Structures are given as C-alpha cells and as structure tokens.
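Let me begin by presenting the structure, written as structure tokens, before commenting on it.
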Number of protein chains: 2
Amino acid sequence: MASAASEDCVRLGLALAERLCQERKMRLTPLRRQVLICLLEAQGAVKAYDLIEMLHKTRKRFTPPSTIYRTLDFLVDCGLVHKIASINSYLPCTCQHHENSLLLFVCSRCKKAQEMDDPKLYVALKQRFEELGLALENGSIEMHGLCHACAKTEA
Amino acid sequence: MASAASEDCVRLGLALAERLCQERKMRLTPLRRQVLICLLEAQGAVKAYDLIEMLHKTRKRFTPPSTIYRTLDFLVDCGLVHKIASINSYLPCTCQHHENSLLLFVCSRCKKAQEMDDPKLYVALKQRFEELGLALENGSIEMHGLCHACAKTEA
DNA sequence: GACAAAAATGCAACGATATATCATTTTCCC
DNA sequence: GGGAAAATGATATATCGTTGCATTTTTGTC
C-alpha cells in the first residue's frame, strides 16, 4: 500500500513531529500520531470525515468528529498540517523550512493540493500587503487553478 | 441604512451587471438582481444563509438554499461576485478592471474581506506557477491575516 | 395571442461539514 | 497514590451545500 517514498515521507514527518513536540513540551499522543500518519500516508489532502473512516479501520473505538477536529487543530497549530479551507481538507507538511513563505496550490479540477516554497515571492506579497496596513499570516495563501496533469487533458 | 457611497456602489454594480448580461445574452432576473443588490449594499462579504434571511424580508416567498446557491453560482460565473471559500462568503466586485490580477485578503479576526488589484504581483505569481506546470485561475487567490483595524487592537 | 421548448425558481429531503456540551479517561506532577 | 490538568469519548445539534423533481416564468415560433 505504501511505497518506499511514502514510507520515507511518514518517517520524516513523524520525526519532525516528535522533535517539535519535545521542543515545545507538547504531547504527540497516540491519536495525534495516528492521525498524522494517516495524513502522511495519504500523499495528498484529506478530509476530516475521511480520517474518521480511516481511523475506524485501525482503532477499536469510533472516533467522533469533535475529537478529529480537535486533533487536526492541534496539528495545524503545531504547523505540522495545513488546513485548506477551500476544499475542506488537511495537508501534512514535512518541510518545516518554509515557515514564512508558503503558497498552497489547489487544482480546481482534481482537487489535488501542493505546497510551494518561494521566499522571494512571498516577501513581495507580504510587503505589498503591509503597505496597505494588512499583515499576512503564514501558511494561509490558497490559490486555485489547473495542475499540470489536468491542464493536459483539458478539452 | 445605505450611505451615499453605498448607493453609488449599488448603482455602479447594477449598471455593470446589466451591461455584462446584455453583452453575453444572459438574464439578470429579478431574483439575481435582488441578490446582487443585497451583496452590494452589504459592503462586505455575505454568507449564503444570511442572504436567504435578507431576501425573506423583501420577498413574499421563502427562497430556498438551492435557489440562492444557483443564483450565487450565476453571479460568480459572470464575474460579478467572488466566492471566498475560506469563510463561506460571497463578495461583490464592482471593479471589472482587474480581471487578471485579483488578490483577496480576509482578516482572520474580524473576517472582513477586501480585494486588491496588483497586476505586477499577479503576473509574477502566475509566471512562477507556470514554471511548475500550474495554471492559475483568476480571482481565486485567498490570503489570510490581520487587517489594519484588528492589528491595532491586538494584544 | 397560442403554444411548445427552455430557463429559472420553488420545494422537500438529504448529505457533508463543523461545533457545543458534558462525561469519562489518561497523563502529569507532587 | 491522589488530585489537577489535559485529552478523548459520546451525544446532540448547528451550519453549509446538493439532489431530484415539480412548478412557474420567459423565449421563440407560428
């Protein structure tokens, strides 16, 4: 089910989460860890209720929505996961290096999401907004359009 | 209730809508017109179910969700209104001039939204995405952060 | 104007997404 | 081990959006 690349991704993501939680004295509980693994394995953005289903297969107890949303909030607050509001989905983020320069791209057709790191562009955006008295938040720029694959097959 | 500036806004918005619909042989029905007016008068982003309530005051019949969403879809397709997915809201757009260079800013605190036109920045973004095989869509860049007013009162 | 076709709207039910509240369990720390 | 704090579970409910089909309105044609 999980490819080698995916396994790598999971391992890296978990390692980062563990380091981060230790540093900040937060708890990477079994549930949080399990949710994070689900997200990392999915290789793409996942919806909250899909996570509930995924967890249902591996856990004895049913995990209610409130719990999932709390868990996701935790992971988002940690910066380990991005919420993509426009598709009600969550995307794990392994590469912590772009804390201040993240752009999210969502394909309007296939709904796949990907991150893009471009500090220069991000700074340009940020400055432009500051001129207007607006303070950009990190990791909250969502763009829509066609991805490479979908653009190809478009009529 | 409606200030002079707001009245101007409504007048301009309606004029644009009428011209656009005539050009494209589409129909600006009473309902569509009424929804557009509500949005223009609101001076900010409005939610679908709030529109239902607003319409309930001026119309005899209750307007069901399906109808509202269809109407909003129409207005969005026309380019007269932007959907802001991250706050489930709709924002009218009077200034048609920035068809290809629109950025939307949403305050994470007060949820107020505003448009920003910056062709240069937009082109830079677009080019950067094209390098990655991604084709940006118009009017679909949403950013979050603190607006001027909220940044001031922030602890 | 009468009529059929097409477009728009109304209606009811439902599905998907998210939150509130309180009970219970687990963990932490002394 | 015991009490406080944090996390999770359970239930109900609020919010957001869609589907399918009936009805009304508009359009185009004769």
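No experiment lies behind these values; they were computed from the predicted model shown.
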- [ ] Kindly indicate whether the side chain of Thr67(B) and the base of dC11(C) share any N or O donor-acceptor pair separated by less than 3.5 Å?
- [x] no
- [ ] Indicate, yes or no, whether a donor-acceptor pair under 3.5 Å links the base of dA10(D) to the side chain of Ser66(A).
- [x] yes
Rounded to the nearest Å, what distance is computed from the [atom1] atom of residue [X] to the [atom2] atom of nucleotide [N]?
X        : N       : atom1 : atom2 : answer
Leu51(B) : dG17(D) : CG    : P     : 11 Å
Met26(A) : dT27(C) : CE    : P     : 17 Å
Leu72(B) : dC16(D) : CG    : P     : 13 Å
Ile68(B) : dC16(D) : CD1   : P     : 13 Å
Phe62(A) : dT25(C) : CZ    : C1'   : 18 Å
Arg59(B) : dC11(C) : CZ    : P     : 10 Å
Ile52(B) : dT15(D) : CD1   : C1'   : 11 Å
Arg33(A) : dT27(C) : CZ    : C1'   : 17 Å

Task: Side chain of Tyr69(B) (C-beta onward), nearest among dA8(C), dG17(D), dT8(D) - done: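 Closest nucleotide to the Tyr69(B) side chain: dG17(D).
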TODO: Among dA6(D), dA18(C), dT11(D), find the nucleotide with the atom closest to the side chain of Ala48(A).
DONE: dA18(C)
Give a yes/no answer on whether the side chain of [X] brings an N or O atom under 4.0 Å of OP1 or OP2 in [N].
X        : N       : result
Lys25(A) : dA5(D)  : no
Asn88(A) : dA18(C) : yes
Lys47(A) : dA16(C) : no
Lys83(B) : dG17(D) : yes

Using a 4.0 Å heavy-atom cut-off, does [X] contact any base of the nucleic acid, only the sugar-phosphate backbone, or nothing at all?
X        : result
Phe74(B) : nothing
Arg70(B) : base
Tyr49(B) : base
Arg32(B) : sugar-phosphate

Task: Glu7(B) bridged to Arg11(B) by N-O distance under 4.0 Å - done: no
Open item on the list: One thing to verify: whether Lys126(A) and Glu130(A) come together as a salt bridge, which I'm taking to mean a side-chain N less than 4.0 angstrom from a carboxylate O.
Closed with: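 Salt bridge between Glu130(A) and Lys126(A), a charged N being under 4.0 Å from a carboxylate O: no.
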Task: Connected via hydrophobic side-chain network under 4.5 Å: Met116(A) and Ile141(B) - done: yes
Open item on the list: Please report the interatomic distance CD(Gln34(B)) to OG1(Thr63(B)), rounded to the nearest 0.5 Å.
Closed with: 7.5 Å
Open item on the list: As an exercise, state the distance from OH of Tyr122(A) to CG of Leu103(A), rounded to the nearest 0.5 Å.
Closed with: 8.0 Å
TODO: Could you pick out which residue, Arg61(B) or Ser89(B), lies toward the 5' side of DNA chain D when each is mapped onto its nearest nucleotide?
DONE: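 So the residue in question is Ser89(B).
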- [ ] Enumerate the residue pairs fulfilling ring pair (Phe, Tyr, Trp, His ring centres under 6.0 Å) with a member in residues 101-120 of chain A, sequence neighbours excluded, ordered by first and then second residue.
- [x] Phe105(A)-Phe129(B)
